[in-house]
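Presented below is the structure to which this report refers.
Order of the sequence lines sets the chain letters (A, B, ...), proteins ahead of strands, with each chain counted from 1. Scope of the values below: all heavy atoms of this structure, side chains included, with no hydrogens, waters or symmetry mates. In this text the structure is predicted, and so the values were computed from the model without any measurement.
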Amino acid sequence: MDGWEPKIVAFLCNWCSYGAADLAGVNRLQYPPNFKVVRVPCSGRVSPKMILAAFRNGADGVWISGCHPGDCHYIEGNYYARRKFALFRTLFKHIGIDERRLHFSWISAAEGPKFAKVANEVVDAVKEVGPAQQLVKTKAQVG
Amino acid sequence: MCDNCSCNPYKPYPVRIEEIITETADHTLKTFKLVFVNPEDEEKFKYIPGQFAEISIPGQGEIPIGIATSPTEKGFLYFTIQKMGKVSGYIHQMKPGDIIGVRGPLGNWYPWDKMEGKHCVIIGGGCAFSTLRSSVEYMLHPDNRPKFKDIHVVYGARSLKHLLYEDKIIPWRERDDINMHITVDSIADNEEKPTWGCNVGFVPTVVEEKIKDPSDAIVIICGPPAMLKFTMPVLDRVGFKHDQIYLSLENRMKCGIGMCGRCNVGHQFVCKDGPVFTLEELGELPNET
Amino acid sequence: MTSKRFTKEAWGKAVEGLRESYKVWVPAKEGAHHFFKEYTDDITPDFEATKTRMSPKHTVFPQSERMFEYSLESSDADANIMKDTPKDYSPQAVVGVRPCDAYSFNLVKINFDNKEYRDPWWANRYESTTFIGMGCNEPCSTCFCDSVGSGPFDEKGLDVLVYDMGDAYVAKALNEKGEKALAAMNGGQDAAEADLTAAADMAAKVEAPSKVPTDKLRSQKLNDLYDADFWDELASGCLNCGACTFACPTCWCFDIQDESWNREGEVRKRQGDRIRNWDSCMFPLFTLHASGHNPRGLKVQRVRQRFMHKLKYYVDKYDGGTLCVGCGRCVEACPVNIDIRQVFELMNDFSK
Amino acid sequence: MKQYTDTIKATAKRLLEDGTVDCFIGFRKGTMPMINHPVVITDAAKADTLYWDGNCGNNLALYLTGRKADEKIGIVATGCVSRNINLLIAEGQVTREQLYIVGAPCKGMIERRSVEAAVGHREILSVNEEGEKLIVEGKGFKEELNRADHLQRNCVTCRHHNPVEHNDILGSEVSEPAEAPVFTDLEEAAAKSDEDRWNFFQQTFESCIRCYACRNACPMCYCPTCFVDEAKPQWVGKSSDKVDTMTFHFLRAFHLAGRCTDCGACERVCPVDIPVRYLTNKLNRDAQEFYDYSAGLVAGERPLLDQYKLTDIEDFIK
């Protein structure tokens, strides 16, 4: 598909990865503009229904990034997130969706370069799979 | 075979929001002035005070709202809407000029044929006053006023800031062909007492004070459950019979035309057989509202 | 009126041939159950099917139906204006429908097409539908059609009644619509007088195995039944799922939903649909006000509503029979075995 | 079974009479073969209507939620039901002190669909359990089946037949297989490509009629407002559109991650025979594999997603 650019919804933790995105920008690190960023208070706040809502509304990929284990602003939010997403991910694959559409990372506010690097990886991975068709809400198939 | 013509009861008339009047200081109640996009639709939308319509917002849904204008007011419709759920919350963010839909008029109306030649008592509270505004406006029209004997209106709101339609109700107080009894639950110490002589107290108390004679009269009443609960015994004490009292009910609705099945109380559909019932009729139905 | 006799093989061909002039619905097996399906090349009709899992109400009243469509893109001239959506009202035939199911459309009609309002989609589709029904030689053990105004060979809802005579089908047109459909079915021969007599004799002997009492429902006081003491225990096991209401041929309640989506390839250009879906009085959301108040917030209130609607409200409102055709589907579909036959007894025989 | 029934009747009668419980949750014999009627009784005189056999596959723990905090409740609990009770206690829906649990060691519940298929979908008028046999009778036929061949699929893979928590127990405990269960459908799915799995998922769930019986039969689905019913925002459409149906099933299953005891109630109640456990089982097996966790086995243990270990897997996180 010529010129196709993936649309990726990034749920970024306010206390770390969101800052890292900022820092990457300030440092003029190159990362692709494919992201619609949703700032969340904690990666633990991201509910599966939000991820599905992103795909339903036409996202080609979703990226969730939070604080490194031990660094959570709320002490343990990202530990709960880790369990939740480990299971979410396998169920997602189980229904037949390519796991390259779904990405998770721990990026602290100081890791601007890591943010740029992961952002590039995420875009590349989603580009590999192409535009999302599954779970996209379109005109209802009804009578 | 005509779901394409205007007889489709589900198809709303397109209307433009002409003006939005914020009724209460807390912004929870706004009155929307709507104008038909196709002027010929106004002719088709012939309504009688007491009826309601479905306000239809594309992409959001529909809500049943009482019509606050009187058919004697031409060229526009008023709907007073409390910010509450998905659709009402959405319309509160809309702007003049936006296009929405209106579907109706729906339901029955206050018993205008029975009220002719009688004293009329109109009791309302809160945002439920909308169809009562319609009714009073209608009755006061020079063509209609001679049809009715004395008119008493008791209207209560939580506070001065929650009074609706001040542009109408205060001038009505000045007229000698209607007895307006406006009351608020309380006036705060730091609030200025209005010069137009507002009562302070609950609706039932004011009814007890002002309404003395049940003979040859019809009561129409619309308001929140608590108001109804405490006003009914007062009306009993005054001596009103249950077939003299008309209530307007509300329920969750979708179709508004008696088909979708959710708004029934017993075997009556509030949307089609109501919303106006006599107290006598309601006595025959289950207490499920 | 015409009557024809078809060998079973000829009947199969005739129904297939009917597809040239009608959209045809037939019972077909999917998994363990039969369902009414649109007869396409990959469908094998099974006219021996006794009772389909779901009723054929969707042939006239689909589970989800688009009412209107509209643009939500403000730069469009027609943004936010409801547009009709194209509908196909060309003739359709429901072949193999059982008499009770066909009768259900008669009961439901008053809801969708009455002196005040006419639901265009239901009414137009109903008018374009021909019911070619199969009499029930052996009703299932849960059937009680003849207690509630229908019967194994009831003709009220049908345009053609078909008798299964073992080696052949005898089809009898019951009205103009039926005549027309029968004329479009090739391969049969005119039925002999003896065929019709044999069919009638056979039919006269068939009875539904279950019986329910209905004689006192009309005279019961509505509020007495409403306040009756049996509801709590009856409802205690209910899951409040909608299986009974969705399987029921006479449950007509629906919801209206607006939904929107991105136009293909464009993220922020929204397009919308107004869709109506089957709804169920079993769901709390059915009656929930935006304020949070719910007149039927309790399970027992919802269970009571379902049965009161069918066996009392409808009876009183239209002064006719019950809103139940005795198909027994809810008895079979209910995952917790709430049995409407017992509710008939409780309500009919109730005394304060 | 007769012994279970008699003991349940006697226990319920005693508990209701002496005021140990205010209500008793059990089953009545159904009006149709292979289905019983769950019921909450409050009157000791009705204890005699209680019943037990191999068709009590609805999860009675369902009826524990949303009750008054001071209500004392008697309940019959098989292995899976007792695990659900543990979970409901851990999630604060009911307290152990409120409950009088009559444990019912379980040899598996009968799969109605399997019996129906075995007699070629002829109409069944009665099914009697006689030891290890099922006597199936209909108009013009009588067949004898092996009970063990017609168990609910979740009962075949069940490894916890005995109640893990109880006040009384009916009869003696039954033996529980030691070897790990094999989930054929999961094995098959794992061998497929993403695309084939997607097609399978879509086809399997397409016939859903959105009656929500699976959700409503589940004792763990007690949210006051289910995500399906939320309006602001609306997460999922309500029509029979495929995407909405799939979204519903995916999220319903995920909400049970680490909370599912595989009681099979969801699958049992589906009126259109969708194998809904296809999703929950995947989560159950992953919970076992990743965290060595099976829901509800230990009284007082927090649900899987309400706890963590520092060493939890994170190989998927960049």
Side-chain angles (χ1 to χ4, degrees), chain A residues 43-44 47-53 55-56 63-66 68-70 76-107 114-115 117-119 121-122 125 129 133-143, chain D residues 186 189-190 192-202 204-206 227 230 233-237 239-244 246-251 253-255 257-258 278-287 289-291 293 304-318:
Chain A
S43 51
S47 152
K49 54 191 179 187
M50 299 175 185
I51 304 177
L52 255 64
F55 284 108
R56 285 170 58 84
W63 172 25
I64 296 156
S65 188
H68 286 277
E76 51 187 15
N78 52 0
Y79 287 123
Y80 293 119
R82 186 165 66 179
R83 281 208 162 181
K84 183 160 62 182
F85 296 136
L87 290 175
F88 183 87
R89 196 173 146 270
T90 54
L91 189 66
F92 209 56
K93 191 162 169 55
H94 184 58
I95 64 165
I97 299 178
D98 197 301
E99 57 198 336
R100 285 172 294 178
R101 297 200 185 279
L102 204 50
H103 298 267
F104 304 91
S105 62
W106 303 143
I107 301 176
K114 179 171 178 186
F115 185 89
K117 177 173 162 279
V118 175
E121 284 170 20
V122 170
V129 244
Q133 309 281 338
Q134 299 148 308
L135 289 182
V136 183
K137 175 71 186 166
T138 53
K139 194 179 176 82
Q141 306 290 304
V142 299
Chain D
L186 296 186
K192 284 181 193 156
S193 68
D194 283 348
E195 196 188 338
D196 288 348
R197 269 203 307 279
W198 173 257
N199 290 336
F200 175 79
F201 173 57
Q202 217 173 343
T204 309
F205 287 83
E206 200 172 33
F227 71 93
E230 283 176 347
Q234 188 167 333
W235 299 101
V236 52
S239 76
S240 52
D241 180 49
K242 266 197 297 206
V243 172
D244 291 317
M246 290 187 288
T247 309
F248 161 66
H249 281 286
F250 183 92
L251 286 174
F254 194 79
H255 282 185
Y278 176 72
L279 300 176
T280 46
N281 254 348
K282 169 69 177 159
L283 290 164
N284 291 344
R285 209 183 54 169
D286 287 346
E289 194 181 313
F290 298 168
Y291 308 109
Y293 181 92
L304 178 74
L305 294 186
D306 194 27
Q307 47 163 308
Y308 63 88
K309 288 202 179 82
L310 296 179
T311 53
D312 282 345
I313 53 156
E314 59 168 15
D315 53 0
F316 62 95
I317 302 176
K318 293 188 176 78

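When each of A/Gln141, A/Glu99, A/Lys137, A/Gln134 is checked for heavy-atom pairs under 4.5 Å with chain D, A/Gln134 comes out on top. Comparing A/Glu76, A/His103, A/Lys114, A/Glu121 by how many heavy-atom pairs each has under 4.5 Å with chain D, the most go to A/Glu76. Counting heavy-atom pairs under 4.5 Å between each of D/Leu283, D/Leu186, D/Asp196 and chain A puts D/Leu283 at the top.
When every heavy atom of D/Tyr291 is checked against every heavy atom of A/Ala86, the shortest pair comes out as OH-CB, 3.3 Å. Of all heavy-atom pairs between D/Leu305 and A/Tyr80, the closest is O-CD2, 3.5 Å. Heavy-atom minimum distance, A/Arg82 versus D/Leu310: NH2-O, 3.1 Å. Between D/Ile317 and A/Ser105 the shortest heavy-atom distance is CG2-CA, 3.6 Å. Of all the heavy atoms in D/Asp241 and A/Lys139, the pair that sits closest is OD1-O, 4.5 Å.
Remark: the backbone N or O of D/Val236 is not paired with any side-chain donor or acceptor of A/Arg56 at under 3.5 angstrom. The backbone N or O of D/Asp306 sits nowhere less than 3.5 Å from a side-chain atom of A/Arg83 that would complete a donor-acceptor pair.
Rounded to the nearest 0.5 Å, atoms CG (D/Leu304) and NZ (A/Lys84) are 12.5 Å apart. Here the CG atom belonging to A/Asp98 is positioned 11.0 Å from the CD atom belonging to D/Glu195, to the nearest 0.5 angstrom. Between the CD atom in D/Glu314 and the NE2 atom in A/His68 there is a gap of 9.5 Å [rounded to 0.5 Å]. Separating the CE atom in D/Met246 from the CG atom in A/Leu135 is a distance of 5.5 Å, to the nearest 0.5 Å.
Under the 6.0 Å cut-off for aromatic ring centres, A/Phe92 and D/Phe254 do not qualify, their centroids lying 6.0 Å or more apart. Centroid-to-centroid, the aromatic rings of D/Tyr278 and A/His94 come within less than 6.0 Å.
The parts of A/Ile97 that come within reach of chain D are both its backbone and its side chain, each placing non-hydrogen atoms under 4.5 angstrom from that chain. Residue A/Ala53 touches chain D through its side chain alone, counting heavy-atom pairs closer than 4.5 Å. Of the two parts of A/Phe55, neither the backbone nor the side chain holds a non-hydrogen atom closer than 4.5 Å to a non-hydrogen atom of chain D. The parts of D/Gln307 that come within reach of chain A are both its backbone and its side chain, each placing non-hydrogen atoms under 4.5 angstrom from that chain. Of the atoms belonging to A/Lys93, heavy atoms from both backbone and side chain fall under 4.5 Å from chain D. Using a 4.5 Å cut-off between heavy atoms, D/Ser239 touches chain A through its side chain atoms alone. Within the 4.5 angstrom heavy-atom criterion, atoms from both the backbone and the side chain of D/Asp244 approach chain A. Only the side chain of A/Pro69 has a heavy atom closer than 4.5 Å to any heavy atom of chain D. Contact annotation for A/Leu91: both backbone and side-chain heavy atoms come within less than 4.5 Å of a heavy atom of chain D. The contact between D/Phe201 and chain A is made entirely by side chain atoms (from C-beta outward), counting heavy-atom distances below 4.5 Å. Using a 4.5 Å cut-off between heavy atoms, D/Lys192 does not touch chain A at all. For a residue to count as touching a neighbouring chain, one of its non-hydrogen atoms must lie under 4.5 Å from one of that chain's; by this rule D/Gln234 does not touch chain A.
You'll find the side chain of A/Leu87 reaches within 4.5 Å of the side chain of D/Phe290, heavy atoms only. The side-chain heavy atoms of A/Tyr79 and D/Lys309, taken from C-beta on, include no pair separated by under 4.5 Å. In this structure the side chain of A/Asn78 never reaches within 4.5 angstrom of the side chain of D/Tyr308, judged on heavy atoms. Within the 4.5 Å cutoff, no side-chain heavy atoms of D/Val243 are placed close to those of A/Val136.
D/Phe316 and A/Phe104 have perpendicular rings, their planes meeting at more than 60° on a 0 to 90° scale where under 30° would count as parallel.
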